[in-house]
Amino acid sequence: MTGSGTPLLPFAGASTATGYSSSRWQMNRRVGEAGRKPVKRRFSLTGMIFLMAIFLMAIVAFLGRRQTGAPPDDNHTTKNEPARVVWPDSKGPGLNLTEEMMDPNSMARQLRDQMTLAKAYVVIAKENSNFQLAWEFSQHIRECQLLLSEAVTHDRRISEEDAGPIIRDMSVLIYQAKELHYDSATTIMKLKAQMQILEERANQASIQSTFLGQLAAEAIPKSLHCFGLRLTMAWAQSTALRSAMKTRAQASRLVDKSLYHFCIFSDNVLATAVVVNSTVQNAKYPEKCVFHIVTDQINFWAMHAWFAMNPPGDAAIEIQDVDEFTWLNASYVPVLKQLQDAEMQSYYFKASMEEPKNTIKFRNPKYMSMLNHLRFYIPEVYPALDKLVFLDDDVVVQKDLSPLFELDLKGNVNGAVETCLESFHRFHKYLNFSHPLIRDSFDPDACGWAFGMNVFDLVAWRENDITRTYHYWQEQNVNRTLWKLGTLPPGLLTFYARTLPVDRSWHVLGLGYDQNVDFKLIENAAVIHYNGNMKPWLKLAMTKYKPLWSQYVNYSQPIIQQCNIK
């Protein structure tokens, strides 16, 4: 009986020494279990005696085995001894598989080594279209695998009698492969040659891609060509548009130094419209914004028509034709003088895919366009202004830019975002420091900076005669020995030691070529710049960045719909 008065339950098959028969116990259990909660069972004295009996029988059996000379268990391991995989041998003690594979004289080791080499030759033979040899190697590999499998299945070692024919046949095949120059050294040389051919093909494809991308970036899309033509026709046919622009002409605001003046030099009407729209929509005081636009003769009337149809709120607009600036002539402007040279025209206008990749992007006609170089003549274009913000036509303004006009440039001429976070944006990347004139005048590790959103102090510009400095460096580079790429290198030289770095959040670049611009930087930026060939108005544009630009395009405008601009 337990301490609670519950009878001890006997194990099945035990005697009824407790006084309860099996049948009575079952009956009592059925009667009482409905009204009694289950309790924890404890071992009875009978159960303990039963377990001890089993333990004694096991000891007797073990001693009997020792006395009859039964072999000890070779697989038994001590606590500190690692377990081993063995192949029992019918003729002797078991064989450690690890030792077998490590022994260079064992048949298993030789078969494994030959299989490894044969598998390599199978691949090499297939690469050389020798499918017969590859098939023979595969057959012998299967024979090796079958022999090893049988040895494991039948618990026996591999004898020399069994493995010898396979090893000899495999050796013959390996010899044949070496005679065919399938050895590793020859294969490595062939692979190197193939890699070199592939690299040359990849380089050629890259050059072709660069050339075609350059052509696509330079070409005017059909939709934009249609856009400009329809706007010009609308201007010519509508007296209402012409009168609307006359009423918007506010000469006094164009020279009012208390207003916020922006200049844009572009032959792209749609791109210019995005710059103006984004600036006005994000301006704190849009009525104080004045836009000075300079374009070429082809787009002059189209630009007028667009802003007559879509006036930018209360902002003032001035549109000028670069061809009407009579002072921009070859006797004054080095770039125009250089364009008269036949060799220079050939260099910029006759690039081909036969040239190296790194020169194709330099040989772009846009770098000789006066609209591109007009940024170095801003004080002469706007003689009545003292401060101005320059915007490229491939930017989008996301925040109010009025604080830039309160920025103290500390006597500098140019306020710009530096781009020297990486080494390739320092002066040595853009300029030829092997030339003594460059080497003796500039620091190769000086920070580069970006055109696209620049604050110019025109008073300091005139005092330091910056345009004259620009002319000097252009004349020194007549043979393209100082730099090759466009307007940034001469800008770095012209504004050297006269540029104030502004906070990076004012201007974020790379949306026209870099897939990995940090979106946090983009969200916080006042101006984002699609510099590169993948402009947002082209099919080349990166889709992840295009919505930031297209949100400022009025796609419901009739002419935009007629020209299928998307």
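Numbers here are sequence positions counted from 1.
The nearest pair of heavy atoms linking R426 to P444 is CB-O, 3.8 Å. Across M115 and L148, no two heavy atoms sit closer than the pair CE-CD1, 3.7 Å. Residues H529 and G452 come closest through the heavy atom pair CE1-CA, 3.6 Å. Heavy-atom minimum distance, M542 versus Y513: CE-N, 3.4 Å. In terms of heavy atoms, K546 sits closest to P536 at CE-O, 3.0 Å.
Ring centers of Y496 and F442: under 6.0 Å apart, within the cut-off.
Residues L492 and Y430 form a side-chain contact, since some pair of their non-hydrogen atoms from C-beta on lies under 4.5 Å apart. Inter-residue side-chain proximity for H373 and Y470 is flagged as met; some heavy-atom pair is nearer than 4.5 Å. Annotation: side chain of S138 is in contact with side chain of V122 (closest heavy-atom distance under 4.5 Å). Under the 4.5 Å side-chain criterion, counting only non-hydrogen atoms from C-beta, S266 is not in contact with L371. Between V553 and I560, the closest side-chain pair of non-hydrogen atoms falls below 4.5 Å.
Listed for the H425 side chain is no donor-acceptor partner under 3.5 Å among the backbone atoms of C420. Under the 3.5 Å distance criterion, the side-chain polar atoms of N277 are matched with a main-chain donor or acceptor of A273. With hydrogens and angles disregarded, a donor-acceptor distance shorter than 3.5 Å links the side chain of T272 to the backbone of N268. Using modelled atom types, no side-chain atom of N412 and backbone atom of N414 make a donor-acceptor pair closer than 3.5 Å. Under a 3.5 Å cut-off, the side chain of D296 and the backbone N or O of D267 do not form any donor-acceptor pair. For the pair Y530 (side chain) and Y545 (backbone), a donor-acceptor distance under 3.5 Å is present. Within the 3.5 Å criterion, the main-chain N or O of M170 finds no donor-acceptor partner in the side chain of Y175. With hydrogens and angles disregarded, no donor-acceptor distance shorter than 3.5 Å links the side chain of D443 to the backbone of R439. A donor-acceptor pair under 3.5 Å links the side-chain atoms of S278 to the main chain of V397, judged by distance alone. At least one donor-acceptor pair closer than 3.5 Å links the side chain of K399 to the backbone N or O of N524.
No more than 12 heavy atoms of other residues, nucleotides or ligands shown are found within 6.0 angstrom of NZ on K126. Heavy atoms of other residues, nucleotides or ligands lying less than 6.0 angstrom from CD of E160 number 12 at most. Counting heavy atoms of neighbouring residues, nucleotides and ligands inside a 6.0 Å radius, atom CD1 of I298 does not exceed 12 of them.
When the side chain to side chain donor-acceptor pair (under 3.5 Å) test is applied to S159, the partners found at least two apart in sequence or on another chain are D162. D169 pairs by the side chain to side chain donor-acceptor pair (under 3.5 Å) definition with nothing, not counting sequence neighbours. Among residues two or more places apart in sequence or in another chain, the side chain to side chain donor-acceptor pair (under 3.5 Å) test is passed with H140 by none.
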Derivation and outcome, side chain to side chain contact (heavy atoms under 4.5 Å, CB included), residues V275 and V396: CA-CA 6 Å; V275 177; V396 172; over 6 Å; no
Working for side chain to side chain contact (heavy atoms under 4.5 Å, CB included), residues Q398 and L548: CA-CA 9 Å; Q398 300 187 129; L548 300 171; 4.3 Å; yes
Derivation of the side chain to side chain donor-acceptor pair (under 3.5 Å) call for S171 and Q114: CA-CA 8 Å; S171 299; Q114 282 199 332; 3.0 Å; yes
Audit row: F227, V269, side chain to side chain contact (heavy atoms under 4.5 Å, CB included) steps and yes/no: CA-CA 8 Å; F227 184 62; V269 179; 3.9 Å; yes
Side chain to side chain contact (heavy atoms under 4.5 Å, CB included) assessment of L500 paired with W449: CA-CA 10 Å; L500 176 72; W449 45 266; over 6 Å; no
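Atom CG of residue L511 and atom CE of residue M534 lie 12.0 Å apart, to the nearest 0.5 angstrom.
K535 has a carboxylate O that lies under 4.0 Å from a charged side-chain N of D394, or vice versa, which qualifies the two as a salt bridge.
With a 6.0 Å cutoff to the six-membered ring centre and a 45° limit on the axis angle, R375 counts as a cation-pi contact of F451.
When only modelled atom types and interatomic distance are considered, T481 and Q476 share no side-chain donor-acceptor pair under 3.5 Å.
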